[in-house]
Amino acid sequence: MKPNLQVHIGSMLMANPVTTASGTFGFGPEYAPYVNIDQLGAITVKGTTLEPREGNPTPRLVETPAGILNSIGLQNPGADYLIEHYAPYFRELKTNVIVNIAGNTVEEYAQLAAKLDPVQGIAALEVNISCPNVKKGGMAFGSDPAAAAEVTQAVKNATSKPVIVKLSPNVSDIAAIAREVAGAGADALSVINTLLGMAIDIRQKKPLLGNIVGGLSGPAVKPVAIRAVWQVYQAVSIPIIGMGGIMAAEDALEFILAGATAVAVGTASFTNPRATLEVLEGIERYLMANGIADINQLVGAAQP
Amino acid sequence: MKPNLQVHIGSMLMANPVTTASGTFGFGPEYAPYVNIDQLGAITVKGTTLEPREGNPTPRLVETPAGILNSIGLQNPGADYLIEHYAPYFRELKTNVIVNIAGNTVEEYAQLAAKLDPVQGIAALEVNISCPNVKKGGMAFGSDPAAAAEVTQAVKNATSKPVIVKLSPNVSDIAAIAREVAGAGADALSVINTLLGMAIDIRQKKPLLGNIVGGLSGPAVKPVAIRAVWQVYQAVSIPIIGMGGIMAAEDALEFILAGATAVAVGTASFTNPRATLEVLEGIERYLMANGIADINQLVGAAQP
Amino acid sequence: MSKVLDAKVLAVYQVAPETYYMELEAPDIARLAVPGQFVHVRCSETQEPLLRRPLSIHMVSRPKGVLALLFRVIGKGTEMLAQRQPGDLVNLMGPLGRGFTLPLPGSRVAVAAGGIGAAPLVFLVQELANMKCQITVYLGAKDKKSVLCDGQFEQMDAEVVIATDDGSLGWQGNVTDFMGRHMDWRRTAMTYVCGPKPMMQGVAALLAEADVPGEVSLEEHMGCGVGACLSCAVKISHHGKVTNKRACADGPVFPSWQVVWD
Amino acid sequence: MSKVLDAKVLAVYQVAPETYYMELEAPDIARLAVPGQFVHVRCSETQEPLLRRPLSIHMVSRPKGVLALLFRVIGKGTEMLAQRQPGDLVNLMGPLGRGFTLPLPGSRVAVAAGGIGAAPLVFLVQELANMKCQITVYLGAKDKKSVLCDGQFEQMDAEVVIATDDGSLGWQGNVTDFMGRHMDWRRTAMTYVCGPKPMMQGVAALLAEADVPGEVSLEEHMGCGVGACLSCAVKISHHGKVTNKRACADGPVFPSWQVVWD
Ligand SMILES: Cc1cc2nc3c(=O)[nH]c(=O)nc-3n(C[C@H](O)[C@H](O)[C@H](O)COP(=O)(O)OP(=O)(O)OC[C@H]3O[C@@H](n4cnc5c(N)ncnc54)[C@H](O)[C@@H]3O)c2cc1C
Ligand SMILES: Cc1cc2nc3c(=O)[nH]c(=O)nc-3n(C[C@H](O)[C@H](O)[C@H](O)COP(=O)(O)OP(=O)(O)OC[C@H]3O[C@@H](n4cnc5c(N)ncnc54)[C@H](O)[C@@H]3O)c2cc1C
Ligand SMILES: Cc1cc2nc3c(=O)[nH]c(=O)nc-3n(C[C@H](O)[C@H](O)[C@H](O)COP(=O)(O)O)c2cc1C
Ligand SMILES: Cc1cc2nc3c(=O)[nH]c(=O)nc-3n(C[C@H](O)[C@H](O)[C@H](O)COP(=O)(O)O)c2cc1C
Ligand code: FES
Ligand code: FES
């Protein structure tokens, strides 16, 4: 018998727990030659801001041991472009589209949420308060519990779509931030964004990234991400989308057992463009092999 | 011509910038079959507490992508044993011995520092306020600027030896902690201790480490460590001992260019027991190849 | 449409210092590829290195379903790739990117290659020769040993002008200087350039000065290779506005006059 | 003193399901090794996997300077090791750890092996046979195909009693049960045990009940392998006090009555 793979992220129903990590899967069509996007539980698209952004200077990507540093800097065509050019495509998809949003001020987050609220084809908003690659906003909101709560509340007030808040691992106490954000009305949490890191070119004696610092992702960060999901699960009762270094189903299952209701595949798509679907297939195989009828039974099953 | 490799960490003169990372090199003799310890600039020995400790349940070690998680939990024979059994050995060494110390309370740190102060053969104390593997003390001190300063001051008052404070990367703002600790009189900083992480056994559906969470080290953490050294260098003017994922001379040079005066080799010794010396040899080769007469010219050379 | 597949290594050998030629069985990619496109290659079966490596399609034989790469060993990825043996499988994504714009059949064209930049230009010259173009290849290299593909270009009836830094073969100096002195731009319908950045920038300046069309193939560090991650931004000026384009999806080939060099 | 060196693979072949035998040229280690010691092996040349893998010394030939391993493919490390070919180099540290305590020459001894636990016991039986001991080996395995080293033990004139879980060879059941029913403990000077934890624990209980000496070889996840990192703690009771000992440096072999099983 096929196990149940459906999960709920707030009021959003996902046919299965696998989505993409924002910024690693474009807006969807980029990966269409390799995966049937409609087979995923959702896709989470590139971080979007009110105005278009050109992002950071190159190089924007450096490979590190079992990971990558990126400093894209939220390059994106802006909300209007998204609504005009991508929303029609989103509406044609059978899967959910989660739009990742970022701003420089609380007002910008709220305006953006309000602007996207009426747009059909967008199933939920993921609020990025954890981007390490922009000067203002971004991580600054994510490392201050009060500011995180304020952004959450402002977005909640501006939209009727489910609001997922994406947390930064670059904090002393991620559980404290999670509690504030949940208290402010978030419907779910994404855990984690990238770790702040950098790399140096020893020949040129200067930082390798154009932006000096960047965000670390990939298998290297998985232990930090699992720990973050574990702690957040103990702190709040809203669902968690776990991410950080998921390369294969085994990794995704670690997240689910730690407390994630859904998972996002990011950097792995660069190594293997079919990673998202292979993760999904592997989860299904594991459930069948272990006689588990419903994925939801597995969520947090490693917790005491 | 041979370049100058001598560096100063407070009043401690190191013949070269390479030491070992506490907890990865035992008390020294364990690696004597593979390296001539006296060729290193210093050795930093296992974390020591006032009373002996048995540490955490096993498994204490899990391999992760390009890293390891450990949860030793400061198992150590206690200060009296160290003074009686190891100090005579330390005195016979030509190199510096740095003793890493930890406690549950500020008083314990102070008592321990006072007890080690008169012991000959100990060149400096490294104050571990960043151990993620113990319930009390440890990281709690390292993530609160005021507590970090208090411990630093207490240790400084209790000893005339150079005091190196070891910082945790598991904080929102490592530069802020560094400033407090430097303000409280630290002679140098060790950057970084391990990242808090965990891993889950998907067959048994439970955490892989006996202690549930552990500290992540190895190449995976290098980008985070480099960024931390970079930020700390900009925040304070005392010397930094850089560590976190140094496997080869190229890695050590990244740390030095980012602002580290000395470097510690940790996890790498497990992969290659000669890693410490090979790092040293590689640094020397790089200086010669690049016509750099003095290693100190390289410290922070990638900074703007 | 781009594919991801395991391609069997048919042959691999060293052709110049640190430079390897590799032939792969990949009919689905060979069939679709056009000159200037690239494949995104997994160089190992482990997660070290994690990222794929972009390599230009050097040649294809569509009847045989074969695709060839020509690459220089630079670091970990290319080192591992060079160690693959015939019979091994190499995971490829491709064809990717936007290739060269072909001229009218029979045109007179110039092709400028610097070092390993010759790699994609062999495939290009294959096509140009099929189109009966009159081709001159300006081939730059460090020294005689490092000159790449001169024989292949000659076999395709291209005129080949060689320049080496040390003068050990052909003209002494670099390709840009040579072209600056000797080119008759008015008689050249199109110029294609691939090589180190300073060389491409130099030739682009000559093209701009002569006000003639040309295309360059840009390199930037890549993550996805498919336009999804925005790692590979290159500054492109279009109607006076400078925007970031993606080397992987909008390029790697761009009109020389649109590139903002920095 | 332990060495770190690159040892040449002389032979490698599969001897049972998922089980490989590997011969390495390592005179400096072979010369010093005693039964029960292990080598710490780098299974790849990259950083994946990062840690070495502890493997018992299965046999040595001191005159030939050869050391043999017998290992089961469990995960990434052993999988990569099994793929090494003759002529390849494998980096080894060793010999490491404290081996078995040898009995008086001519003693009557029992050797209990469960599954891959047979690996270090062949080296032990080599030595015991040299000491003219009367040896009985109790050899447990899942099934007939998985029985390891029975021929080797017999060649060294040890009596071999086989027990398989499915009864496809020898006695049906496990070694512990067999020993519990059939051993004459008073006539056994020393018992050596290596196998899965429940089996070692079971035999240790029999030994404790009969109040006779024995030794077990413990496994724990290892970092350094040399006693420096305290990863491999095992609980050992000594004079009524339970302390953590290091499997790598204080063991892996411990007196059976001192081990605190949990
Ligand atoms: C579209 C395109 C086509 C290319 N075609 C060829 C070709 O046909 N033959 C050839 O020899 N080389 C080609 N290159 C360059 C080639 O991709 C790099 O030399 C290669 O990625 C180096 O990998 P490495 O692991 O050996 O080096 P490392 O220095 O270890 O690589 C580290 C990281 O930097 C990236 N990187 C390093 N150099 C470059 C570069 N020049 N361009 C882009 N990324 C780089 C790598 O992809 C990797 O992510 C091409 C590059 C691009 C963008
Ligand atoms: C002293 C000693 C001697 C050993 N001798 C042998 C031998 O002769 N033949 C043999 O087949 N096996 C032996 N083992 C077990 C062997 O070390 C493991 O099977 C091996 O490390 C598995 O590595 P892997 O990468 O294949 O598995 P993975 O499961 O991928 O390994 C992941 C991590 O867990 C560790 N690990 C996994 N299983 C064990 C285990 N049973 N004991 C200790 N660490 C483990 C690995 O070393 C690695 O760090 C011995 C273990 C010890 C401690
Ligand atoms: C190239 C790149 C771009 C990213 N862009 C965004 C973004 O726009 N918004 C966001 O919230 N996270 C962004 N992220 C973070 C990812 O969504 C994800 O949280 C992180 O990469 C960890 O997952 P992974 O290890 O599976 O990649 C980006 C990551 C990468 C690698
Ligand atoms: C097994 C192990 C034990 C450690 N024990 C200590 C310790 O007792 N005190 C301490 O300050 N740091 C301890 N550390 C942290 C290291 O000293 C070092 O800060 C960290 O491992 C990063 O360096 P690396 O990546 O080179 O290992 C330990 C690390 C490991 C892996
Ligand atoms: S490499 Fe990802 S957009 Fe070009
Ligand atoms: S493995 Fe390091 S002490 Fe035993």
Side-chain angles (χ1 to χ4, degrees), chain C residues 4-14 17-26 39-55 69 71-93 116 221-225 229 231, chain D residues 4-14 17-26 39-55 69 71-93 116 221-225 229 231:
Chain C
V4 56
L5 48 79
D6 285 320
K8 188 153 79 185
V9 177
L10 300 174
V12 52
Y13 43 85
Q14 195 172 350
E18 269 134 46
T19 310
Y20 290 78
Y21 171 86
M22 180 179 276
E23 238 173 59
L24 295 148
E25 188 176 277
V39 284
H40 215 24
V41 184
R42 259 192 93 171
C43 296
S44 87
E45 278 157 7
T46 70
Q47 289 174 14
E48 184 182 342
L50 191 62
L51 292 177
R52 290 169 181 266
R53 300 296 189 251
L55 293 175
L69 306 174
F71 62 94
R72 184 147 288 173
V73 171
I74 295 292
K76 197 157 58 176
T78 47
E79 205 168 287
M80 286 181 169
L81 192 63
Q83 280 162 20
R84 296 299 182 94
Q85 298 297 319
D88 288 354
L89 297 178
V90 173
N91 192 271
L92 303 179
M93 283 165 80
I116 190 69
H221 285 211
M222 289 187 180
C224 66
C229 73
S231 299
Chain D
V4 56
L5 47 81
D6 285 320
K8 188 153 81 185
V9 177
L10 300 174
V12 52
Y13 44 84
Q14 194 171 353
E18 270 135 43
T19 310
Y20 290 78
Y21 171 86
M22 180 179 276
E23 239 173 57
L24 295 148
E25 188 175 277
V39 284
H40 214 25
V41 184
R42 260 193 91 171
C43 296
S44 88
E45 276 156 12
T46 70
Q47 287 174 13
E48 183 182 344
L50 191 63
L51 292 178
R52 291 170 180 263
R53 300 297 189 248
L55 293 175
L69 306 173
F71 61 93
R72 184 148 288 173
V73 171
I74 295 292
K76 196 157 57 175
T78 47
E79 206 168 287
M80 287 181 167
L81 191 63
Q83 280 162 19
R84 297 298 183 94
Q85 300 296 320
D88 288 354
L89 296 178
V90 173
N91 191 272
L92 303 179
M93 284 166 78
I116 191 68
H221 285 213
M222 289 186 179
C224 65
C229 74
S231 298

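Throughout, a chain's letter reflects where its sequence line sits, starting with A, and its residues are numbered from 1.
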| said: Please check if the number of heavy atoms outside C:Glu18 that lie under 6.0 Å from its CD is greater than 12. | reply: no

| field | Within 6.0 angstrom of C:Glu45 CD, more than 12 heavy atoms from elsewhere | value | no

| note | Applying side-chain contact (heavy atoms from CB on, under 4.5 Å) to D:Pro17 and not counting sequence neighbours gives D:Lys145, D:Ser146

| field | Interface residues of residues 47-55 of chain D facing chain C - heavy atom cut-off under 4.5 Å | value | D:Gln47, D:Glu48

